[in-house]
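Below: one structure, written as structure tokens.
Along the sequence shown, the residues carry numbers beginning at 1.
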Amino acid sequence: MLGHLGFSYVGLAYLVMLFTPNILWARPLPAGYDSAGERRALVALERIGQVGCTACALCFADFNLKPLSPWSAWLGVSFALMLLYEAAWIRYFRGPRTVARFYAPLWGIPLPLATLPVAAFLLLGIYGRVIWMIIASVVLGVGHIGIHAGHARALKKDT
């Protein structure tokens with residue numbers, strides 16, 4: 001449950017899927033985006049979770065492919081969530097880059113650009129049986145989803 005140290009190519013693939021659209025999103029930010037009102041405690045939890053998830057994804061070989069078993073379903077669902085995350089980004093990039101589109105649900109999934117990667121990394125942690133990834137994902141989720149939920153609430157008040 002603690003994990004076996006070693007490079008994870010699966011973890012690297014997840015990080016590439018995570019960071020690529022975020023880098024594209026940062027230039028330029030969506031019209032109306034303002035991070036000034038974010039709660040510092042949530043930002044701190046988000047950063048801690050980001051570092052933890054990134055380190056775990058790369059440093060635990062337990063995430064690499066194993067012979068097919070019922071346990072592989074955790075990886076399959078996790079990867080499907082990452083594909084949905086990519087679909088949410090594609091939807092965002094294909095239209096006007098506004099805050100409202102950024103926080104719009106995807107097929108009933110609220111805040112998909114926040115919830116999907118957190119859930120995917122949590123399930124990756126379960127698949128690899130790495131408690132550190134599970135903990136880092138929960139910490140990331142509290143911060144990241146909390147920040148995005150605050151932005152979405154503020155957006156609803158403004159409209």
Side-chain angles (χ1 to χ4, degrees), residues 1-26 29-30 33-66 71-89 92 99 101-157:
M1 193 72 174
L2 293 177
H4 298 94
L5 291 177
F7 178 72
S8 173
Y9 54 85
V10 170
L12 176 62
Y14 271 58
L15 292 174
V16 168
M17 292 174 75
L18 179 73
F19 289 132
T20 301
N22 279 280
I23 291 168
L24 297 173
W25 170 80
L29 291 174
Y33 183 82
D34 182 15
S35 63
E38 294 174 353
R39 293 176 45 200
R40 290 192 330 202
L42 291 177
V43 171
L45 289 172
E46 179 186 45
R47 297 294 182 265
I48 292 165
Q50 287 170 336
V51 169
C53 284
T54 301
C56 287
L58 292 174
C59 296
F60 287 106
D62 305 273
F63 304 128
N64 291 333
L65 298 177
K66 302 172 182 83
W71 201 256
S72 303
W74 291 109
L75 180 62
V77 174
S78 174
F79 188 70
L81 292 176
M82 284 304 289
L83 291 177
L84 280 174
Y85 175 71
E86 298 302 319
W89 274 114
Y92 171 77
V99 176
R101 284 180 55 80
F102 188 69
Y103 294 113
L106 176 72
W107 301 315
I109 301 167
L111 304 171
L113 296 175
T115 57
L116 290 171
V118 169
F121 277 87
L122 176 66
L123 295 180
L124 182 65
I126 293 170
Y127 164 75
R129 300 176 186 161
V130 177
I131 190 69
W132 306 115
M133 177 65 95
I134 295 167
I135 292 169
S137 298
V138 170
V139 171
L140 173 63
V142 170
H144 192 58
I145 296 169
I147 289 169
H148 283 266
H151 285 290
R153 277 191 303 273
L155 181 64
K156 283 184 182 178
K157 286 181 185 176

Minimum-distance pair of heavy atoms, taken over all atoms of [X] and [Y]:
X: A57; Y: S8; result: O-CB, 3.1 Å
X: A136; Y: G52; result: CB-C, 3.7 Å
X: A120; Y: S78; result: O-OG, 2.6 Å
X: L65; Y: V10; result: N-CG2, 4.0 Å
X: E86; Y: L18; result: OE2-N, 4.3 Å

Subject >> Check: R129 and W71 side chains under 4.5 Å, non-hydrogen atoms >> reply: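 The answer is yes; the side chains approach within 4.5 Å.
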**OP:** Decide yes or no for P21 and Y85: does some side-chain heavy atom of the first lie under 4.5 Å from some side-chain heavy atom of the second?
**Re:**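 Side-chain contact under 4.5 Å: yes.
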Subject >> Step-by-step side-chain contact (heavy atoms from CB on, under 4.5 Å) determination, L75 to F63 >> reply: CA-CA 8 Å; L75 180 62; F63 304 128; over 6 Å; no
Spacing of [X] atom [atom1] and [Y] atom [atom2] [to the nearest 0.5 Å]:
X: D62; Y: L5; atom1: CG; atom2: CG; answer: 8.5 Å
X: L106; Y: L111; atom1: CG; atom2: CG; answer: 11.5 Å
X: R47; Y: R40; atom1: CZ; atom2: CZ; answer: 13.5 Å
X: L12; Y: Y9; atom1: CG; atom2: OH; answer: 11.5 Å
X: M82; Y: L15; atom1: CE; atom2: CG; answer: 8.0 Å

**OP:** Indicate yes or no for a side-chain donor-acceptor contact from S137 to the backbone of M133 under 3.5 Å, with no hydrogens or angles considered.
**Re:**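 Such a contact is found between S137 side chain and M133 backbone.
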Original post:
Are any side-chain N or O atoms of T115 and backbone N or O atoms of I109, one a donor and one an acceptor, separated by less than 3.5 Å?
Top reply: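 Judged by distance alone, no pair lies under 3.5 Å.
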**OP:** Answer yes or no: does atom CH2 of W132 have more than 12 heavy-atom neighbours from other residues, nucleotides or ligands under 6.0 Å?
**Re:**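 No - once you tally the heavy atoms of other residues, nucleotides and ligands closer than 6.0 Å, there are 12 at most.
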Subject >> Matching residue for H144 among L42, L45, V43, V118 - test: side-chain contact (heavy atoms from CB on, under 4.5 Å) >> reply: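 That would be V118; it is the only one of L42, L45, V43, V118 passing the side-chain contact (heavy atoms from CB on, under 4.5 Å) with H144.
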Subject >> From CA spacing to verdict: side-chain contact (heavy atoms from CB on, under 4.5 Å), L113, W25 >> reply: CA-CA 11 Å; L113 296 175; W25 170 80; over 6 Å; no
**OP:** Apply side-chain contact (heavy atoms from CB on, under 4.5 Å) to Q50 and L140, showing your working.
**Re:** CA-CA 6 Å; Q50 287 170 336; L140 173 63; 3.7 Å; yes
Original post:
How about Y92 and F102: are their ring centres within less than 6.0 Å of each other?
Top reply: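 Yes, close enough.
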Original post:
How are the rings of Y14 and F79 set relative to one another: parallel (under 30°), tilted (30 to 60°) or perpendicular (over 60°)?
Top reply: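 Correct class here is tilted.
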**OP:** May I have the step-by-step check of side-chain contact (heavy atoms from CB on, under 4.5 Å) for F19 and T54, ending in yes or no?
**Re:** CA-CA 10 Å; F19 289 132; T54 301; 3.9 Å; yes
